[in-house]
Amino acid sequence: MSQALHKWLPWLTFVNSSTVKADFIAGITCASMSIPQGIAFAAIAGLPAEYGFYSAMVAPIIAVLFGSSWHMVCGPATAISALLFSSLSGLYAPGSAEFIQAALAITFLAGLIQLALGLAKLGNLTNFVSHAVMVGFITGAAFLIMLSQVQHALTADLPRPENLLNFISALLHAGPQINLYSLSICAVTIISAMVIRKISNKLPHYLLALIVGSVFGYLMQAGANGVPLVGKLNEAIPPFALIELSGSTLRELAPGAVVLALIGLLEAASISKAIALKTHQEIDTNREFIGQGMSNVVGSLFSNYMSSGSFTRSGINVEAGARTPLAIIFSSVFLLLILSLIAPLFSHLPIPAMAGIIMLVGWRLIEFKELLHYAKTSRSELSIALVTLTSTIGISLEFGILVGVGLSLALFLSQTAKPNVRILAPMDTDEGRYFHNIMHFDLETCPQIHFIRLDGPLYFGSVDYMAKQFQSIEHDLPHKDHWIILCRGLSAIDMQGAHFLKQLVDQRRESNTQVHLVVRYLWQLELLKQFGVLDKVGANHTYPAKGVAIEKIERDMDMKQCAQCDKNVFRECSNRKQKGLAIIAKEPLSTEGN
């Protein structure tokens with residue numbers, strides 16, 4: 001039992017007094033952030049505030065126990081809350097009992113979809129999301145996080161930053177609305193966090209900065225001067241909820257559930273991988289899918305609405321020094337205790353102080369170094385990162401991810417559609433005699449043989465490019481009697497790729513060139529046999545290694561041509577030259593003129 005538990009939860013072996021202390025502090029810090037966010041996200045979703053608290057308590061624990069990320073904090077999130085509202089607002093009145101029941105039902109359905117995808121081991125699909133997408137997404141999300149807090153820092157009525165032009169226009173005309181008390185509290189909180197962190201990285205600078213901001217606000221009589229406070233909070237213990245699903249309800253909610261499930265998984269996978277860049281933890285995306293599915297299925301039974309990974313709370317969790325998933329468990333427990341026991345004290349916390357901390361977290365999430373690195377090394381990766389970033393800021397988080405994924409797939413397909421076709425020849429090195437690229441090393445080739453290596457997938461998308469490469473070989477290099485195709489570098493073969501090889505064999509035979517195959521791997525041999533390529537080439541022209549191919553083909557080579565050749569490409573060339581000279585010497589002299 002103990003071994004099974006440690007296998008499923010390997011982080012238990014890392015728990016000690018030092019990690020518990022760090023996780024305790026991170027848990028308190030993250031819990032303090034969950035209260036205003038829970039209120040805000042529930043409002044975005046069209047739900048009462050307590051449902052934001054429920055989702056911030058139960059879902060994170062389930063996700064971290066069943067998922068793979070040690071530091072990603074799940075719960076209510078901006079994009080998911082907005083998607084849920086848009087999925088249900090046309091069917092039910094926001095805030096009504098029917099709307100709440102539908103929100104829990106669609107969460108349950110979305111969780112089942114996520115769980116099914118995880119159990120089907122489809123998490124590896126996220127591997128097609130390149131690092132550049134994550135850099136662009138996390139940077140764009142960080143900017144949105146910062147911009148979303150500007151209205152709280154100024155206590156001004158501003159639109160959501162997703163509509164960037166309207167936001168900037170409103171901000172430029174917000175001067176008369178700005179509450180200088182709010183602005184000063186926000187500034188004091190940010191400066192305090194930076195100073196405390198400068199003094200010692202081990203201090204809980206976010207939490208201490210919040211205390212400083214609260215004390216400063218109290219001394220300035222923030223509430224009396226128009227500065228919004230968290231206010232009175234009611235006790236919030238997640239109640240059990242019975243999910244009602246009828247045939248008509250399923251038909252109404254299924255499309256929205258699919259969208260919520262996919263966007264939730266994509267966001268969670270992107271966030272977990274982005275956080276892993278900082279924590280250097282390996283992420284199992286299949287298990288992450290399972291964790292997300294379980295958190296929504298189980299969470300919906302405890303009045304949780306749709307949850308996913310949270311950039312803000314995950315960033316705070318890491319920045320506050322979290323070491324193990326205990327920090328997330330502590331956070332949920334502390335959130336319950338805060339709401340149940342010390343809510344009156346927490347009610348004096350100024351919203352601008354919270355905004356200052358969240359803005360600071362957002363600033364530290366921006367990947368300046370990675371963007372600069374892309375600018376110096378890879379234009380394609382830089383373009384993917386910038387397009388993802390601008391789409392995330394200019395349109396929405398979910399659209400930014402989808403655009404980034406689309407560009408990543410386009411880049412991947414573009415690369416796989418251009419497999420490498422190289423002509424090889426032997427070259428002596430310090431390590432021995434090996435075959436190398438003749439163009440790169442300016443090597444001589446045998447007048448009778450081409451060794452052609454294929455690297456990459458030979459499938460419907462790469463056939464045209466492959467055909468052009470072979471046409472170039474035929475045009476630029478002299479005629480050869482034998483083409484030996486080395487299949488070791490082939491990563492995949494499909495029906496159309498096999499058809500291309502068969503056509504190549506027929507075309508070469510018309511030009512009196514024999515095609516040979518060197519096939520090293522069993523899976524390649526089975527596919528080539530299944531597609532009929534081996535029958536077309538012939539078993540006597542298929543070999544397991546280059547050396548075997550040379551030995552066999554030597555019997556069919558023109559020895560007279562070898563006698564006149566001075567290139568000595570192969571070790572066997574000297575022997576063939578002697579044999580060729582011997583053949584010439586035995587031939588009768590010409591009697592022309594008699």
Side-chain angles (χ1 to χ4, degrees), residues 127-128 130-132 377-381 383-384 407-429 431-446 449-480 482-505 507-508 513-528 531 533-534 537 541-547 549-550 569-570:
N127 292 336
F128 291 106
S130 71
H131 179 69
T377 59
S378 175
R379 290 184 179 180
S380 61
E381 294 293 299
S383 63
I384 290 176
L407 286 177
S408 292
L409 289 174
L411 179 62
F412 170 76
L413 292 175
S414 175
Q415 291 173 341
T416 61
K418 296 180 180 179
N420 201 353
V421 180
R422 298 176 294 166
I423 300 178
L424 306 183
M427 185 178 76
D428 291 319
T429 65
E431 292 78 19
R433 189 176 178 86
Y434 297 100
F435 278 71
H436 291 279
N437 190 334
I438 67 167
M439 301 299 293
H440 184 69
F441 293 97
D442 192 22
L443 300 176
E444 294 281 3
T445 62
C446 174
I449 301 175
H450 265 331
F451 277 89
I452 305 172
R453 171 161 175 158
L454 310 182
D455 286 310
L458 181 55
Y459 73 115
F460 65 91
S462 64
V463 165
D464 286 345
Y465 181 83
M466 190 80 78
K468 292 178 182 178
Q469 297 303 301
F470 276 101
Q471 289 172 5
S472 177
I473 292 173
E474 184 180 3
H475 180 268
D476 297 337
L477 296 171
H479 171 75
K480 305 285 183 176
H482 303 276
W483 277 16
I484 303 177
I485 298 178
L486 309 177
C487 300
R488 181 178 180 178
L490 281 180
S491 58
I493 309 168
D494 72 353
M495 180 72 78
Q496 195 165 338
H499 181 66
F500 164 76
L501 288 178
K502 289 188 285 186
Q503 281 188 321
L504 181 67
V505 173
Q507 291 170 0
R508 291 292 88 212
T513 298
Q514 178 61 53
V515 175
H516 309 262
L517 295 179
V518 174
V519 186
R520 182 171 182 177
Y521 301 115
L522 182 60
W523 71 267
Q524 294 175 336
L525 197 65
E526 290 177 347
L527 278 178
L528 292 172
F531 290 136
V533 177
L534 295 188
V537 174
H541 297 299
T542 304
Y543 319 102
K546 293 189 292 290
I550 295 173
V569 175
F570 306 108

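In this text, all values refer to a predicted model and were calculated from it rather than measured experimentally.
- Under the 4.5 Å side-chain criterion, counting only non-hydrogen atoms from C-beta, Asp455 is not in contact with Pro419.
- Within 6.0 Å of atom NZ in Lys418, 12 or fewer heavy atoms from other residues, nucleotides or ligands are found, so the atom counts as exposed in its surroundings.
- In this structure the side chain of Ile473 reaches within 4.5 angstrom of the side chain of His450, judged on heavy atoms.
- Within the 4.5 Å cutoff, side-chain heavy atoms of Met466 are placed close to those of Leu458.
- Summarising the geometry of Val518 relative to Ala549, their closest heavy-atom pair is CG2-CB, 4.0 Å, with the distance given to 0.1 Å.
- In this structure, CG in Leu486 is found 11.5 Å from CZ in Arg520, a value given to the nearest 0.5 Å.
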Test Tyr521 against Leu527 for side chain to side chain contact (heavy atoms under 4.5 Å, CB included), laying out the working first.
CA-CA 10 Å; Tyr521 301 115; Leu527 278 178; over 6 Å; no
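- Under a 3.5 Å cut-off, the side chain of Thr542 and the backbone N or O of Leu517 do not form any donor-acceptor pair.
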Trace of the side chain to side chain contact (heavy atoms under 4.5 Å, CB included) decision for Phe460 with Asp494
CA-CA 7 Å; Phe460 65 91; Asp494 72 353; 3.4 Å; yes
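- If you take CG on Leu534 and CD on Gln524, they are separated by 11.0 Å, rounding to the nearest 0.5 Å.
- Taking NZ from Lys502 and CG from Leu528, the interatomic distance works out to 10.5 Å, rounded to the nearest 0.5 Å.
- Qualifying ring-ring contact (aromatic ring centres under 6.0 Å, His included) partners for His516, counting only residues two or more places apart in sequence or in other chains: His482, His541, Tyr543.
- The OG atom of Ser378 sits 7.5 Å away from the CD1 atom of Ile384 when rounded to the nearest 0.5 Å.
- How far CD1 of Ile493 is from OG of Ser462: 10.5 Å, rounded to the nearest 0.5 Å.
- Between Phe531 and Met495 the shortest side-chain heavy-atom distance falls below 4.5 Å.
- A centroid separation of less than 6.0 Å is found between the aromatic rings of Trp483 and Phe470.
- Contact between Leu525 and Val519 at its shortest, heavy atoms only, is N-CG1, 3.7 Å.
- Counting only heavy atoms from C-beta outward, the side chains of Ile485 and Leu454 approach each other to under 4.5 Å.
- Residue Asn420 holds its CG atom at 7.0 Å from OH of Tyr465, rounded to the nearest 0.5 Å.
- The two residues Val537 and Val505 make their nearest non-hydrogen contact at CG2-CG2, 3.7 Å.
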